There are 2 protein chains.
Amino acid sequence: METAVSEWQRHAQDALAHAGYRSSGPRNAVVEALAELGCSVTAKEIADLLDEQGRAVGLASVYRALDLLDRLRLVQRFDVGEGTARYEPAHPGGEHHHHLVCQSCGNVSAFEDQGLERAIEKLSRRVDYSIDAHDVTLRGECPACHARG
Amino acid sequence: METAVSEWQRHAQDALAHAGYRSSGPRNAVVEALAELGCSVTAKEIADLLDEQGRAVGLASVYRALDLLDRLRLVQRFDVGEGTARYEPAHPGGEHHHHLVCQSCGNVSAFEDQGLERAIEKLSRRVDYSIDAHDVTLRGECPACHARG
DNA sequence: GTGAATGCAAACTCTTTGCATGACT
DNA sequence: AGTCATGCAAAGAGTTTGCATTCAC
């Protein structure tokens with residue numbers, strides 16, 4: 001749904017303004033790039049996209065923007081074990097997904113699963129930590145690599 | 001159980017020998033350190049332990065050993081999002097646990113949950129990837145930090 | 001003796017920080 | 001005007017790699 005992305009973009013920009021942050025070209029560009037690229041992107045991918053679009057933003061500023069968005073919980077930061085942080089828009093409703101990582105080609109895709117969420121919720125009540133987030137990564141071979149042998 | 005660790009140590013050393021790798025002091029020391037430290041250690045923690053024990057191993061060799069052990073699936077490499085890889089002995093039976101990370105103090109602890117494993121197993125059959133591993137990280141506040149406010 | 005494993009240092013990648021410059025309110 | 005945000009370049013952290021040396025088989 002095209003709407004969801006721009007919805008997130010508006011939401012994020014509102015939240016930034018509300019929190020007292022100034023509206024600036026570079027930061028807005030990062031928000032836009034996130035909305036455009038969607039799920040599972042790296043800081044460099046964002047910088048590269050903006051570069052191609054002729055509105056380059058310094059990598060440091062991309063990191064600063066992502067860090068801020070993460071602190072405001074407007075993006076979800078995660079990491080599938082390549083030593084590079086990945087980011088994606090965090091939807092206010094709390095609905096979220098998890099990731100499948102292809103061990104051959106490195107491709108990352110997303111899935112949702114209610115059974116999993118329920119199991120995690122139940123489990124969260126059982127452990128002695130007070131849980132407020134979780135993430136799950138499944139590793140294997142994507143259909144393309146599997147076909148290829 | 002004390003036995004399980006040395007069992008893993010023996011298993012790992014056997015597996016290395018079987019795979020045609022030479023037995024060497026430094027690599028054996030890394031295996032021992034892993035057995036001793038157990039769950040969720042970093043390369044540096046291993047190097048530091050060996051250092052204290054007066055049998056220092058170069059950090060590069062620790063990484064090389066860990067990399068090899070990981071390829072032979074004798075250790076599990078994971079990452080809780082601090083930008084540092086963590087390792088732990090992988091038990092041959094396949095039994096494994098997941099991690100709780102304290103967002104205040106960074107402490108990492110382990111848990112097991114059958115309900116979660118079942119949910120993941122069911123889910124694995126549903127997705128189009130062929131899954132062969134998974135990991136789950138729960139984030140929150142550990143009891144100590146929670147008490148502290 | 002031969003080739004693998006090691007140690008050290010240099011290289012690399014990703015990320016963060018210091019500081020002067022420029023932009024929003 | 002007064003900050004906050006940016007860009008650049010330098011600094012940092014973690015990890016990998018090149019190469020000469022040492023050690024296992």
Side-chain angles (χ1 to χ4, degrees), chain A residues 12-34 40-51 53-72 74-75 77-87 106 108, chain B residues 12-34 40-51 53-72 74-75 77-87 106 108:
Chain A
Q13 266 148 7
D14 281 3
L16 284 167
H18 254 99
Y21 294 97
R22 293 182 179 170
S23 162
S24 83
R27 189 151 57 204
N28 288 338
V30 171
V31 170
E32 255 181 70
L34 273 163
S40 185
V41 296
T42 63
K44 190 161 176 318
E45 284 165 359
I46 292 172
D48 287 347
L49 174 67
L50 294 174
D51 218 344
Q53 294 179 344
R55 43 175 181 167
V57 171
L59 196 44
S61 302
V62 173
Y63 277 110
R64 281 189 277 237
L66 288 169
D67 183 54
L68 177 57
L69 292 167
D70 184 44
R71 282 196 316 262
L72 297 179
L74 295 166
V75 301
R77 177 186 193 156
F78 64 98
D79 180 334
V80 296
E82 338 121 298
T84 314
R86 291 183 167 270
Y87 302 82
V108 177
Chain B
Q13 266 148 7
D14 281 3
L16 283 167
H18 252 101
Y21 295 97
R22 296 184 178 170
S23 162
S24 82
R27 190 151 57 203
N28 289 338
V30 170
V31 170
E32 254 181 73
L34 272 163
S40 187
V41 296
T42 63
K44 192 162 175 316
E45 285 165 359
I46 291 172
D48 287 348
L49 174 68
L50 294 174
D51 219 344
Q53 294 179 344
R55 43 177 181 168
V57 171
L59 197 44
S61 302
V62 173
Y63 277 110
R64 281 189 277 235
L66 288 169
D67 184 52
L68 177 57
L69 292 167
D70 185 43
R71 281 194 319 260
L72 297 179
L74 295 167
V75 301
R77 176 186 194 156
F78 63 96
D79 181 334
V80 296
E82 339 121 297
T84 314
R86 292 182 167 269
Y87 302 82
V108 177

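Proteins get letters first, then strands, A, B, ... in listed order; numbering begins at 1 in each. Everything numeric here is computed off the predicted structure, so don't read it as measured data.
For the OP1/OP2 pair of C:dC14 and a distance below 4.0 Å, the side-chain nitrogens and oxygens of A:Thr42 include no atom meeting the criterion.
Judged by closest nucleotide on DNA chain D, A:Asn28 is the one of A:Asn28 and B:Ser24 placed further toward the 5' end. Where B:Val62 and A:Lys44 each meet DNA chain C at their nearest nucleotide, the meeting point lying more 5' is that of B:Val62.
Rounded to the nearest 0.5 Å, atoms OG (B:Ser61) and CG (B:Asp67) are 12.5 Å apart. A:Phe78 contributes atom CZ, which lies 11.5 Å from atom CG of A:Asp70 (distance to the nearest 0.5 angstrom).
Across the protein-nucleic acid pair, A:Arg64 atom CZ and D:dC4 atom P stand 14 Å apart, rounded to whole Å. Atom CG of B:Leu16 is separated from atom C1' of C:dA5 by 12 Å (rounded to the nearest Å). As a whole-Å value, the separation of A:Tyr63 OH from D:dC8 P is 16 Å.
The residue B:Gly25 sits apart from the nucleic acid: no heavy atom pair falls under 4.0 Å. Among the heavy atoms of the strands lying under 4.0 Å from A:Ala85 are primed sugar atoms or P, OP1, OP2 only; no base atom is included.
Between the side chain of B:Arg27 and the main chain of B:Arg22, a donor-acceptor pair closer than 3.5 Å is present.
Between C:dG7, D:dC8, D:dT15, one nucleotide has an atom nearer to the side chain of B:Pro26 than all others, and that is C:dG7. Relative to the side chain of A:Ser61, the nucleotides D:dG7, D:dT15, C:dT25 differ in distance, and D:dG7 lies closest.
On a pure distance criterion of 3.5 Å, a polar donor-acceptor pair joins the side chain of A:Arg22 and the base of D:dC4.
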